[in-house]
Amino acid sequence: MLFILRAIFWIAAVAAFMPAGFHMTESRLTDDLRHWVSGFAAEQSAVSRSGSDITFCNEHAEACQVGQELGVLVDVIGAVASERVERIIEDSEAR
């Protein structure tokens, strides 16, 4: 139950900061997801080349890999959730 309440809170928090006219079609969503994932992977490879990150990742390679994958997953889920919440709000306003 606590998990559901936390999920509702964070979805509402994300939705509160979305622009008023935010709407995304399915094809645009797919293109943006590909762009975000490829951009995130490039960013992470650049970040992992910095000094302290290299040391940590050399010692904990699995943790770095899991962290990178979770970061991508969180970005994707947040984008999809905010788009759906925005669509629900628009539908309720149209009624």
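For A81 against I11, the heavy-atom pair with the smallest separation is CB-CG1, 4.4 Å.
Rounded to the nearest 0.5 Å, atoms CD (E86) and CG (D91) are 10.5 Å apart. Note that the CZ atom of R87 and the OG atom of S82 stand 11.0 Å from one another [nearest 0.5 Å].
For the side-chain contact (heavy atoms from CB on, under 4.5 Å) test, residues two or more places apart in sequence or in another chain that qualify with V66 are L70. By the side-chain contact (heavy atoms from CB on, under 4.5 Å) test, I89 pairs with V85, E93, sequence neighbours left out.
The hydrophobic cluster around V74 extends to none of the other residues, as no ILVMFWY side-chain heavy atom falls under 4.5 Å of it.
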